[in-house]
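Proteins come first, then strands; the chains are lettered A, B, ... in the order of their sequence lines, and each starts at number 1. Remember, it's a predicted structure, so these values are computed and weren't measured experimentally.
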Amino acid sequence: MEFGEYVRQAREAHRAKDRAYSVRQVARRVGIEPAYLSKIERGEQPPPSEATIRRIAEDLKEDPDVLLALAGKVSADLREAICKRPQVFAALLRELKDAPDHAILRLVREVRDGNW
Amino acid sequence: MVTLEHDSLVFRFPSVHADARLAVNFRRTLRVPDDNREYPLPPGLGSFPLLHVDDYAERTPSAWSAHGGVFLPMYQAEALWIRFDRDDYPFAVKIAAGKIDAVTGGPWSPGLTAEPQDYLVTDKQPWLDGFCIAKGHVRQFVAMPLGEGFTAEEQLTGAAEHGGVQIVVYPMKAEVYEEAVAYRRMAPTIRMRMRWAVGSPVIGLAPGGLIRQKVYKDPHGISAWDLTQSSRCFVHILNSAQYRAVTGRMPPTEPLTAQAYTNAGLPWFDYYAADQAALAGSPKLASLDSVAAMGIKKGASPLTDNVPVNPGQVIRIRPDGSTVREGSF
């Protein structure tokens with residue numbers, strides 16, 4: 001699915017329950033012009049900047065990484081992490097690209113719980 | 001398991017159900033005036049940054065390493081509210097501040113208690129803004145330094161020992177969830193190079209101004225929750241100046257005052273769920289002095305900009321809505 005179409009569907013799903021999700025109101029909260037958001041949704045404008053995509057994700061309660069991926073972008077923090085240790089991360093990603101989610105989740109860093 | 005994702009704590013219980021995922025987010029907000037008038041729900045002004053305690057173990061109090069968990073920065077007298085983001089899967093969540101249960105005022109204990117109910121239920125409760133002092137009213141969570149006597153913990157126990165926020169999450173039993181999902185499908189709709197003194201926690205939460213907010217009764221019953229499965233997290237709070245010294249990162253800017261926000265014509269919120277029963281509130285928590293009241297007793301002025309405001313624009317949010325509760329600037 002294209003970025004704009006995904007955003008439109010997500011926004012309209014919210015809009016069905018809450019009028020605060022009109023193009024105009026979402027655009028206002030995100031800090032862009034309504035006409036610009038409308039064009040993005042229709043695919044007439046390429047996806048916006050990473051910062052704007054993050055604000056859209058926040059407003060629509062979507063995962064920013066998912067929206068960034070749909071926009072063909074990698075978030076700045078991930079880019080920085082990969083660029084610092086490109087070989088390690090390239091190998092890791094290639095190794096894990098076909099692994100099921102539950103296997104990858106086992107590698108995710110957990111918040112450590114202690115004694116309290 | 002608990003992970004830290006985009007400044008949210010994400011609780012997952014893959015061994016219970018693939019859908020069992022809850023994100024808990026700590027929202028910056030304005031401090032409502034602490035003047036015994038009741039106020040609508042204040043807006044969300046973005047997330048507090050959350051960092052692993054382990055990443056800064058050499059610069060944070062040694063007790064924090066023992067506790068594990070995460071930490072966030074708050075200015076003195078800054079307020080916060082807690083947002084629960086979930087998909088369909090319901091959870092029972094116990095929230096404590098300084099190991100004082102925010103719903104009952106009782107001491108932190110493992111497990112869930114039905115009477116009095118010492119937890120909240122995420123499919124009914126999208127947010128928690130403070131200590132549940134009475135039916136339909138909470139006193140806002142307000143950051144105060146431990147050791148000065150303002151926090152709920154100090155007022156109830158006489159000790160400044162824990163500070164921070166403690167959370168434990170219990171998922172609904174998978175079979176109860178599946179039954180509920182099947183039923184719904186039948187329906188047509190719906191983070192100083194120095195270490196502080198051993199054991200010195202920094203910030204705790206004190207009861208602030210009065211907010212209209214209900215803490216809802218558990219409509220599922222305590223048997224609906226899988227008490228064999230739980231995940232918990234200690235959320236430490238650091239004052240913003242110390243945060244910069246510890247992390248090298250800039251803390252968020254100081255939040256707007258209620259007066260500046262209101263004068264700008266920006267909205268406040270009310271959550272309206274008439275058909276849902278609310279808890280009566282805790283007499284113990286109701287007996288606590290608010291920050292302003294304690295300040296008067298101490299002959300101190302802990303709150304600046306504590307002038308009454310008249311929220312002009314109040315947006316009513318209903319449970320079936322998407323529950324936007326953010327300020328826009």
Side-chain angles (χ1 to χ4, degrees), chain A residues 9-34 37 50-51 53-69 75-78 80-81 99-116, chain B residues 1-7 9-12 14-15 18 23 25 44 46-47 50-55 57 63-70 83 85 87 96 99 108 161-162 164 166 168 189-191 230-236 267 315 317-329:
Chain A
Q9 286 186 9
R11 185 186 55 73
E12 287 185 344
H14 286 293
R15 167 79 173 156
K17 299 175 184 171
D18 189 336
R19 286 187 297 177
Y21 284 90
S22 65
V23 169
R24 189 172 61 82
Q25 293 197 57
V26 170
R28 181 174 54 82
R29 291 194 296 271
V30 170
I32 57 178
E33 290 295 325
L37 177 58
E50 179 180 338
I53 291 174
R54 288 187 177 281
R55 291 198 298 273
I56 291 172
E58 169 87 16
D59 195 71
L60 299 179
K61 297 186 175 68
E62 292 289 325
D63 187 321
D65 287 329
V66 171
L67 289 192
L68 285 166
S75 75
D77 62 326
L78 293 180
E80 188 185 340
D101 288 358
H102 66 84
I104 294 173
L105 275 175
R106 272 192 231 116
L107 299 176
V108 171
R109 182 184 184 186
E110 293 189 45
V111 175
R112 183 178 61 82
D113 186 24
N115 299 315
W116 45 275
Chain B
M1 63 186 291
V2 189
T3 55
L4 183 50
E5 301 175 25
H6 306 300
D7 291 326
L9 290 171
V10 179
F11 295 81
R12 288 188 180 88
S15 64
N25 188 262
S47 292
L50 283 180
L51 297 169
H52 288 275
V53 163
D54 287 347
D55 290 352
W64 290 19
S65 295
H67 296 153
V70 297
R83 188 175 85 188
D85 293 330
D87 294 323
K99 296 183 77 169
W108 179 263
E161 190 179 353
H162 305 293
Q166 297 75 35
V168 63
T189 58
I190 292 203
R191 128 186 263 156
S230 69
S231 286
R232 63 178 202 162
C233 187
F234 197 122
V235 182
H236 302 268
I315 295 175
I317 299 171
R318 294 177 186 279
D320 58 348
S322 296
T323 60
V324 176
R325 189 190 150 189
E326 301 297 318
S328 49
F329 316 102

Visitor: Report the C-alpha distance between Gln166(B) and Trp116(A) in whole Å, list the side-chain angles of each, state the deciding distance to 0.1 Å, and finish with yes or no for side chain to side chain contact (heavy atoms under 4.5 Å, CB included).
Guide: CA-CA 9 Å; Gln166(B) 297 75 35; Trp116(A) 45 275; 3.4 Å; yes

Visitor: Do you know which two heavy atoms are closest between His52(B) and Glu110(A), and how far apart they sit?
Guide: CE1-O, 4.0 Å

Visitor: Closest approach of Cys233(B) and Val111(A), non-hydrogen atoms and distance?
Guide: SG-CG1, 3.7 Å

Visitor: Where on Asp63(A) is there a heavy atom nearer than 4.5 Å to chain B: the side chain, the backbone, both, or neither?
Guide: side chain

Visitor: Count the heavy atoms of every other residue, nucleotide or ligand shown that sit under 6.0 Å from CG of Asn115(A), and state whether that count exceeds 12.
Guide: no

Visitor: When rounded to the nearest 0.5 angstrom, what distance separates CZ in Arg54(A) from NE2 in His6(B)?
Guide: 6.5 Å

Visitor: Between atom CZ of Arg109(A) and atom CG of Asp55(B), what is the distance when rounded to the nearest 0.5 Å?
Guide: 4.0 Å

Visitor: Determine whether the side chains of Asp113(A) and His67(B) contain a donor N or O and an acceptor N or O closer than 3.5 Å.
Guide: no

Visitor: Treating Arg112(A) as the side-chain partner and Ser65(B) as the backbone partner, does any N or O pair qualify as donor plus acceptor under 3.5 Å?
Guide: yes

Visitor: For the CD atom on Glu33(A), are there more than 12 heavy atoms of other groups (residues, nucleotides or ligands in this structure) within a distance under 6.0 Å?
Guide: no

